[in-house]
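Below you'll find the structure, written out as structure tokens, and then a few comments.
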Amino acid sequence: MGNGGLGGFFENFLSKDTVFSEKKALQPSYSPEEIIHREMEVKQVADTLAPCLKCEKPSNLFIYGKTGTGKTLTINYVTRELLKAAQKQETPLKIIYINCKLKRSTDTEYRLLAQLLKFFDKEVPYTGLPTEELYKLFYGVLENEKKNVLLILDEIDYLVNKIGDGFLYNFTRMNEVTFSNLSLIGISNDVTFVESVDPRVRSSLSEEELIFPPYNALQIQDILRNRTKLAFKQGVLENGVIEKCAAYAAREHGDARRALELMRVAGEIADRNNQQKVLINHIDEAEEKIDRDRIYDIVVTQPKQYHVVLYSILSLYSTKKNIIFTGDVYNVYKDCCSKINLRCLTQRRVSDIIAEFDMLGIINATTISKGRYGRTREITLGMDVNVLSRIKVFLENEISV
DNA sequence: CCTCCACCGGAACGTGAGGAGT
DNA sequence: ACTCCTCACGTTCCGGTGGAGG
């Protein structure tokens with residue numbers, strides 16, 4: 001690129017060599033026609049849902065499995081086929097898929113219902129109505145519809161954590177209250193999730209259960225081979241790349257999604273370096289890059305108060321040892337606030353913020369006891385040095401100290 | 001064995017911004 | 001204009017607690 005101008009950057013971009021032929025085959029949203037190593041699960045889901053076709057209500061279904069074990073893929077595949085079959089024989093059927101973790105759309109009971117009503121072309125205001133009112137609306141809609149309705153709640157554990165399990169009770173009882181056939185399909189990453197749910201709800205929610213085991217390294221290799229055949233040009237993968245990638249992903253817990261992401265990023269790195277092949281060490285680079293970007297993105301999108309708290313932690317980290325306590329953080333934070341004229345939060349709140357950072361994986365905070373000297377959180381940073389300095393620069397800028 | 005520190009973490013409540021209905 | 005919703009983000013209050021030191 002020349003001075004100021006893009007100097008044909010886009011032309012270059014378009015004509016530039018790339019190792020990809022169809023990159024979207026590596027995207028998480030990509031839905032292949034063929035699902036490998038999940039034949040059993042596909043069949044079981046299909047068995048459970050099949051009564052739809054005879055206008056009978058299928059059992060509620062509960063699916064567990066860690067991330068990247070093909071849960072969403074399987075359910076989407078089966079419901080797609082189911083819908084085709086239903087349309088062919090003109091059986092009324094409505095399938096609603098909601099991913100509860102997708103930003104904001106469903107993190108309260110109200111919003112969940114609003115979202116659902118939207119699927120039935122009922123618009124409701126973002127806020128304002130009593131939640132009870134939305135339930136009534138929803139009941140009404142269900143009765144009108146006179147269809148089998150499959151409600152798929154992906155990442156349902158996340159939702160229940162946020163808003164409690166009360167809504168599940170209402171949903172599982174809906175068929176008693178209305179003349180409708182609503183079946184719930186819950187998908188959860190957290191295997192211990194059901195234990196935390198109210199027993200009354202539990203039994204009806206998991207009339208059928210299905211556990212998706214992690215893929216092993218060999219299975220991930222198969223999956224990668226399948227997808228890379230589409231995604232990459234022929235012969236651009238160095239020998240051993242797939243094996244390495246699979247090994248990395250299997251090391252965690254057989255997360256196929258991560259494996260695909262690694263592949264994609266490795267390819268992008270190869271492109272950027274103008275290399276015609278994806279090499280084994282690109283996988284290593286990709287892994288680092290994914291981690292770095294994730295953390296940086298999370299930090300950047302936090303609100304100001306969070307930035308100041310994190311800034312306090314980081315500046316303590318560079319002046320002191322690697323172990324920091326809540327009290328220290330709060331003191332530095334207070335100083336910082338008065339310097340930059342920011343409303344100072346209570347320690348209680350800051351404590352929560354620190355806990356949130358821990359949950360986000362930005363810092364490690366464990367509560368420990370120092371005996372005579374009280375109980376507190378012990379904060380350490382497990383961050384890569386590169387990310388750390390990048391974040392620091394960002395925060396210093398943002399806070400402008 | 002008991003005490004007591006320096007916080008943790010639950011719960012209730014307050015505020016102010018969104019909006020509906022009347 | 002007024003009352004009623006919900007929700008995000010905080011505050012206030014307070015009981016709870018692991019373990020070093022007496």
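By convention in this document, chain letters (A, B, ...) are assigned in the order of the sequence lines, proteins followed by strands, and residues within each chain are numbered from 1.
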If you only use heavy atoms from C-beta on, which nucleotide in B:dC7, C:dC5, C:dG18 is closest to the side chain of A:Ser369? C:dG18
Separation of atom OH in A:Tyr330 from atom P in B:dA6, rounded to whole Å: 16 Å
Ignoring backbone atoms, test whether A:Ser351 places a side-chain nitrogen or oxygen under 4.0 Å from the OP1 or OP2 oxygen of B:dC8. yes
How close or far is atom C1' of C:dT11 from atom CD1 of A:Ile353, stated in whole angstroms? 13 Å
Would A:Lys370 and A:Phe325 count as a cation-pi pair here, with the cationic atom under 6.0 angstrom from the ring centre and within 45° of the axis? yes
Options C:dA8, B:dC7, C:dG10, nucleotide nearest the side-chain atoms of A:Arg349: C:dG10
Would you check if A:Ile324 and A:Ile313 make a side-chain contact, meaning some heavy-atom pair closer than 4.5 Å? yes
Among the nucleotides C:dT11, B:dC8, C:dT17, whichever has the atom closest to the side chain of A:Arg375 is C:dT17
In this structure, how many angstroms lie between the C1' atom of B:dC7 and the CG atom of A:Asp328, rounded? 12 Å
Between A:Thr326 and B:dC8, is there a side-chain N or O to OP1/OP2 distance below 4.0 Å? yes
List for me each residue that meets salt bridge (Lys or Arg N to Asp or Glu O under 4.0 Å) alongside A:Arg348, sequence neighbours excluded, and say none if there are none. A:Asp352
A:Tyr296 six-ring centre to A:Arg390 NZ/CZ under 6.0 Å and within 45° of normal: yes
May I have the distance from A:Arg377 (atom CZ) to B:dG9 (atom P), rounded to whole angstrom? 5 Å
Ignoring the backbone of A:Thr346, work out which of C:dT11, C:dC7, B:dC7 is nearest its side chain. C:dT11
As an exercise, state the distance from CZ of A:Phe120 to NZ of A:Lys94, rounded to the nearest 0.5 Å. 5.5 Å
Is A:Glu133 touching bases, backbone alone, or none of the nucleic acid, heavy atoms closer than 4.0 Å? nothing
Reading nucleotides 17-22 of chain B from 5' to 3' and marking B where a protein heavy atom lies under 4.0 Å of the base, S where only the sugar-phosphate is that close, and - otherwise, the string is -BBS--
Side-chain atoms of A:Arg111 come closest, of C:dG10, C:dA8, B:dC7, to C:dA8
Let me know the distance between NZ of A:Lys304 and P of C:dG10, rounded to the nearest Å. 14 Å
Which nucleotide in the list C:dG21, B:dG9, B:dC7 gets nearest to the side chain of A:Arg348? B:dG9
Please tell me whether A:Tyr135 and A:Glu109 have a donor and an acceptor in their side chains that are separated by less than 3.5 angstrom. yes
Taking the minimum atom-to-atom distance to the side chain of A:Tyr373, which one of B:dC8, C:dG10, C:dA20 wins? C:dA20
Assess whether a salt bridge exists between A:Arg225 and A:Glu243, defined as any Lys/Arg side-chain N lying under 4.0 Å from an Asp/Glu carboxylate O. yes
Under a plain distance cut-off of 3.5 Å, with no hydrogens placed, do A:Arg80 and A:Ser31 share a side-chain donor-acceptor pair? yes
Find the distance A:Asp352:CG to C:dT12:P and express it as a whole number of Å. 14 Å
Please work out which of the three classes, parallel, tilted or perpendicular, describes the rings of A:Phe138 and A:Phe171, given edges at 30° and 60°. tilted
Separation of C:dC5 atom P from A:Glu109 atom CD, nearest Å, is 16 Å
Close N or O pairs between protein and nucleotides 1-3 of chain B (under 3.5 Å):
{"unit_1": "B:dT3", "atom_1": "O2", "unit_2": "A:Arg372", "atom_2": "NH2", "d": "3.2"}

A:Thr91 and its side-chain hydrogen bond (donor to acceptor under 3.5 Å, both in side chains) partner, picked from A:Gln89, A:Gln87, A:Lys88: A:Gln89
Separation of atom CD in A:Gln305 from atom P in C:dG10, rounded to whole Å: 6 Å
